[in-house]
2 protein chains.
Amino acid sequence: MFALDRATELGHPTSLQELHAGGMEALIKLIAVTHAGITTEEFDALCRTWLASARHPRFGRPYPQTVYQPMLELLSVLDRNGFSCWIFSGGGTDFMRAWTADGYGLPPHRVIGSVGATEFRIGDGGPQLVKTPQLEVINDGPQKPSSIHRHVGQRPILAAGNTDGDLAMLQWTAASPYRTLQLVVHHTDGDREYAYDRDPILGSSTDEILATAAGQGWTVIDMAADWATIHPPSPPPLLP
Amino acid sequence: MFALDRATELGHPTSLQELHAGGMEALIKLIAVTHAGITTEEFDALCRTWLASARHPRFGRPYPQTVYQPMLELLSVLDRNGFSCWIFSGGGTDFMRAWTADGYGLPPHRVIGSVGATEFRIGDGGPQLVKTPQLEVINDGPQKPSSIHRHVGQRPILAAGNTDGDLAMLQWTAASPYRTLQLVVHHTDGDREYAYDRDPILGSSTDEILATAAGQGWTVIDMAADWATIHPPSPPPLLP
C-alpha cells in the first residue's frame, strides 16, 4: 500500500488496469519511484523479506521456485561445457539479483535487467549508494543487444527468449560469424503453466518472434509437448 | 585529421588546448562524436589497427605495454587466490576492451569504462550495433560506485586508484562491513615514469585522494620508492 500511496502523489498509474496497460515499463517505473531514497542494501533486504514470505497464487510456492526445470538443466549443461551464461531480463536488476543466485546459480554480474539510477552519498550510515526515481535502462527489445554489448562485450552464440522483446537479441545472435543456436519458448501448456500468444500479465506479444522463428528455422520449444517437467521439484517441507 | 574535421563541423573542441581544458570528458565526447555511425565490430578493428602501430612517444613501446608490472603481479596473485578482479576506468569501454584481454588477461566483461550509446539496426551487414554520438556514462568520480553496483552487483573489498576520480570508489569500498584494503598509487617517479599531483594530460587532481588516504590510514604507494620495476619487460623483437 505504501507503494500505491506514494505513486498517487507522484501522478503514476495506481490501478492494476493502468499498470497492465503500461506493461513492463509502467511496472518498472512504479517500483523505481516508490523505492527511491533507500540504499541498495536496504532495497536488497526488502526484496529478500518479500521473497521469503510471498507465494505464487496459482502454484502455491515461492516465486524463485517457479523457474523452469528445463532452463536449469540447460544452464547446467552449458556451464559444465565451458559456456558463460547470462540472463538479460526486462525485470529490475536489483530485484532479480536478490534471488537469481539461489534460483539459477548465477553470480550477480551475470544477471542484467532494467536499471534504476543510484547516487553515491556519504550518509549517516557512511558512504552508500541511494536509489533515485530515475530509470536509466528499460532492458527490452532493441535495448537487449546494446545491454549485452555493454555488460558482456561479446556477441552471444546461443540465445533463448519467449516474447517479441527478445527478438532483437536473437537476431543479433543469429548474425554472428560463428555457428549459433536460437531457442524460442512457446507457452502452449494451459494445464501445467499458461497457453498464450500475448503475456496475460505484462502484455508482451509473441507474434513477431514466432513469425521470425518460423521464417529463419529457429528452434521453437512447444512447452506442452517438449517439457516433461515445468517447475523444479518442491523442496521437502521443513520438519517442525 | 578526420576526427578533428568532423569535430569542427559539430562544434566540439578541436585544439589540444581546448581538449586539455575539458579533461577526460571532452576527450571521450570527441571520440564518441567522431566515431558515430560505425558498427561495434568496425570500431574494435580500428582500435586494434591503431594499437598495432602506435608507439608511446616517451617509452617507445606499444601503449598496451605501458601497463604497470606491479599491477600485473597484484592481479595475478589475487586471481590465484580466488578474487574476481575488475577494472573501472574513465577511458572508453570499447577502446579499453580492444587491448585489456592481452594487456591484463581480463575478459571484456570485467573492464568497464565510459560508455557511448549503441543502436541495434538491421543494416546491409545484417543485424548489428551501431555507435551513436550520445555519451551514456562518464565513468569517473561518484559514478564509479554506481557503475560497480550495476556491473558487478557486489561492493568491493579491495580497491586501488590514483586520482580524485577514484575517491568515491575507495570510500564506498572502505565502508564495506567486511575487512577491506584501499591502495592509492602516488606518481612520484619523474625519472622512470612521472612525478605529479595533477595528471599532466587529463588534468585530474590527486589532492583529495591523498588527503583522504592520509586521514583514513589507507596504503599510499610511492612509485619511486616502492616499485622495483615500472613497466613489464619488453617482448623480444621479432626475428627477421
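In what follows, every chain begins at residue 1, and chains take the letters A, B, ... in the order their sequences are listed.
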For the OG1 atom of T39(B) and the CG atom of L129(B), what is their distance to the nearest 0.5 Å? 8.5 Å

OG1 of T206(A) to CG of D199(A): how many Å apart, nearest 0.5 Å? 9.5 Å

Would you give the length of the straight line joining atom CH2 of W50(A) to atom CZ of F95(A), rounded to the nearest 0.5 angstrom? 5.0 Å

Looking at T100(A) and G103(A), would you say the former's side chain and the latter's main chain have a donor-acceptor pair under 3.5 Å? no

Between T173(B), T40(B), I112(B), who has the most heavy-atom pairs with chain A when the cutoff is under 4.5 Å? T40(B)

Among V115(A), T93(A), D44(A), V111(A), which has the most heavy-atom pairs under 4.5 Å with chain B? V115(A)

So, the side chain of S114(A) versus the backbone of G92(A): is there a donor-acceptor pair under 3.5 Å, distance only? no

Please list, in residue-number order, every residue in residues 141-169 of chain A that has a heavy atom less than 4.5 Å from any heavy atom of chain B; write 'none' if there are none. P142(A), P145(A), S146(A), H149(A), R150(A), H151(A), V152(A), G153(A), Q154(A), R155(A), A168(A)

Parallel, tilted or perpendicular: which one describes the rings of W86(A) and H109(B), with boundaries at 30° and 60°? perpendicular

Do R110(B) and I87(B) make a side-chain contact, defined as non-hydrogen atoms from C-beta onward lying under 4.5 Å apart? no

Cut-off 4.5 Å, heavy atoms of chain A, and the answer for D94(B) is side chain

Which word best sums up how the rings of Y63(B) and H56(B) line up, parallel for under 30°, tilted for 30 to 60°, or perpendicular for over 60°? tilted

Quick one: what part of V137(B) sits under 4.5 Å from any heavy atom of chain A, side chain, backbone, both or neither? side chain

Heavy-atom pairs under 4.5 Å with chain B - which of R97(A), R121(A), E119(A), E41(A) has more of them than the others? R97(A)

